[in-house]
Amino acid sequence: TNLHDFQQTLNHVTDNSGIRSWDRSRPFSDVVREWRNLTALKRGGQGHDPDGVDATQEGALAVECPACPQPDQNLPDDWQSAAEVWLYTLFLMVDANFRLRLKDRGFNDTHLSSGWAYYVNEEKFQTHLTTHHATFGDHNENSTCSAEHKAIINANLKKDGYIASGVAAILCARHMLVRPRGVGDLQKGERYVNIDYLILSTLVNVILLLLCISYDIACQYSKNFNKRISDFPPHMQIDFDQIVLRWGIPKKHIAVHGPNHSKFSFNYLPNVGRTYGEGIESSWSHMNPVAMSTREMGSGARHETLDDHWGAWNWSKIVNFGPHFARSLKRAHDMSIKHQAIFEEYTATFKPEMIAQWTKLMDEWKQHPGIQPDPFEAPELNVTMQEIRSKLAQEESSHTTMSESLHHEVSPSTFLSMGLELEEQQAILIARSKGRKTATELATLHEKHTLHSRRIELWRKIQEVYMPIVGSLLAQVNQDEALIIDSTTKLERIQLWLPSSLPPHLHNELILSLLNKERQLRIAQAEDALADIRRLRRMITNISQFKRLNISGSGQKANTRIRSLYDKFKHKIDLAANRYRRARNSLLKIDPDGNWQGRLKELLSKDIRGPGHVDDEDDDGGGEGSYEISWIWLVSGSEGDNSQTEYLESMRVEWAKTKARVERWKEEKQLLLEEMRRSLAFFEWKAKWWREQGRRRQGKVSVALQSGLTAYAEKQAAIWETLALQCATSWMTVLKQCSLSASWVTKYQEILRSSSMQKIILKKATKEVRQQFQETILLEDEDQEEEEEEEEEEEEDEDEEEDEEEEEEEEEEGENQRTDIDAMEVDI
């Protein structure tokens, strides 16, 4: 319930007559704030600190991420010199939320815990911003990236009547926990100085060697990062010369940044696993419901409320580590095997020397991302319809010079080009004629039909010269449908009779090389159509991203507009797809066995997708890691001297992407195993830390108070130990399924096998954990007991067999002795 309803209930309980009423909203608010503050201090262990609340350090009340690398807590002693040191990379992600605004209501609010949890210290933060603006001025943030991103647009916007236009936050990119001292208000959009301060604040006193930061505009933001942070106070300075710093763009944002951004893609960067980078977006959905309430508060109350919600968010993520890591590891294991097989099968189709060349190029790019050629950038189409027309015109010019006279002042290639244009216009008119139309639209269509009919009549005269056989074909068709071409004739019934549409037995009646010229034009037409489809798909991607980032949730009018724009491009794609299919069908008639079929494949509706995965109706819900690229992005280009080169270039790109998928899934499996180990190590460290807190005030307080401090510390330690056991139980099940090993398994198996621990888990754990515990530990014990019983039975059987053999041997010896005695008696 809310505070207002609670207070009204108390009023009615006290005096239900309605004559008297009490307004206690302000005292209630103060009590809630004090209770929240004291609870956070208690959970942060400050009640056990001999120096009291005043000794609370910045960020000490935050719930830290157990799976992130934390020296002296969950890392081995020799982690800095480890062979796989990349496993200890700290992954962060940055984003801003402009719904969490704060109105300027003139409150002079008190901060009870400024800087103690997730929000930075407000006084220090504002002091730095004031000093920065006084020194460097209030300049606008500019972008040189091809993508006009919302972060750049909002960086220069300020909403009147608001103290804060939004909130910026730093989260761990792998597990989506809010970082200590990683949140701050935005005064005028998403300014670099605000983001710089938050990144440095959350990294102060953190020991690390490798850092990877995900940001929507990392390509622009990272350019002068080292130069900007040199102007910060000495206590915030970080020696980035000793740190390997890399930048990435979240996977849903990378598509709109255009070409030459592979070095920022988490799909291609080495040693990042399947890091998503977009998890911070889902954290905003948790915070947005409180935005309407917090924007009316004072600054201090708002910070404490949001800190409290982020604490709950972080804790819920930690509690879910068990099933989350189990599912992730199972999927990473399965996908790494699947894509390894796909990669090996694909690699086997190329010569070893070609693979060696591509591998070298990819290794060089890993060492120096951004160099050209980019192994992940698809080559552009070099041959266009216009170039093919120019080539044919040059051929006809040379033929004329060689005394080959033309049959008409319009050349054969021009005649065929005009026919293809008429065919395309006819298809467009047919598409526009469908559906219900207004009187104005019908009149416009009638005019266009008339104009198109006149163009066909003029073209027919040229056709009579180059294709005289068509005259006899037209004579066989009903006059009303073919010869009398007017605006009332249905366009679908008008047959243009291009060379490819003639019956095969009439091809010999055509002028020499006319079919070959149409074949070349059709190939160019098909490739131009594919180029249009790819271009329009890229535009669709931009529209979808723009809608998600700028339009969604802003009202029906804006969504209707963007939807209308989207439908227009979808219609254009459909026209281009139909043009491609017409060209391909014609090629099948002209040259059914041509080598063009290797690249101009049958175009199905499901093939019209990409680039990558976008948020529209064509998205299948997968990601780059499980994505299989459509063949339309692998077409080598038109026939010619460079055909093979262009084909190999496109294949190189797909090979590089396939190899990257394999590498990312293998890295993901390694990262997950390491994060599991780190989480358990952190849980153990935290339990030990709490028990140490319980003894910090021993001898300085009364026995009763010390008893309470010890009991609370033991309670907290038990919580962390229980988390460790539940996670270990969930993870051991998956490790067994995937035939994987981990250093911590034996230790936890012994702990879980103890009778007292079994009773606790079977009594207090969730149903899923109990089931996993029974499958992992109890069944193993039963299997072991069965094996021991079987071994004992086998030993008993062996003993019985030995006894029987001995008895048989004794009987044989006795029989032999009796035989000997009988023989002796006979002799005597």
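Counting from 1, the numbers follow the sequence of the chain as shown. Please read these numbers as outputs of a predicted model, since none were measured by experiment.
Using a 4.0 Å cut-off between charged side-chain N and carboxylate O, Lys251 and Glu278 make no salt bridge. A salt bridge does not link Glu692 with Arg696: none of the charged nitrogens is closer than 4.0 Å to a carboxylate oxygen.
With sequence neighbours left out, Lys366 forms a salt bridge (charged side-chain N to carboxylate O under 4.0 Å, His left out) with Glu663. Applying the side-chain contact (heavy atoms from CB on, under 4.5 Å) criterion to Ile243, with sequence neighbours excluded, gives Leu208, Leu211, Ile238, Phe240.
Aromatic rings of Trp731 and Phe325 (six-membered ring for Trp) have centroids within the 6.0 Å cut-off, being under it. Centroid-to-centroid, the aromatic rings of Trp720 and Trp315 come within less than 6.0 Å. Ring pair His286/Trp310: centre-to-centre distance not below 6.0 Å. Between Trp365 and Phe376, the ring center distance clears the sub-6.0 Å criterion.
The only member of Trp79, Phe682, Tyr88 that meets side chain to side chain contact (heavy atoms under 4.5 Å, CB included) when paired with Asn74 is Phe682.
In this structure a side-chain-to-backbone donor-acceptor pair under 3.5 Å is missing from Ser201 to Val120.
Between the side chains of Asp95 and Trp284, at least one donor N or O sits under 3.5 Å from an acceptor N or O.
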Test log, rule side-chain hydrogen bond (donor to acceptor under 3.5 Å, both in side chains), inputs Thr733 and Gln737 | CA-CA 6 Å; Thr733 304; Gln737 293 173 353; over 6 Å; no
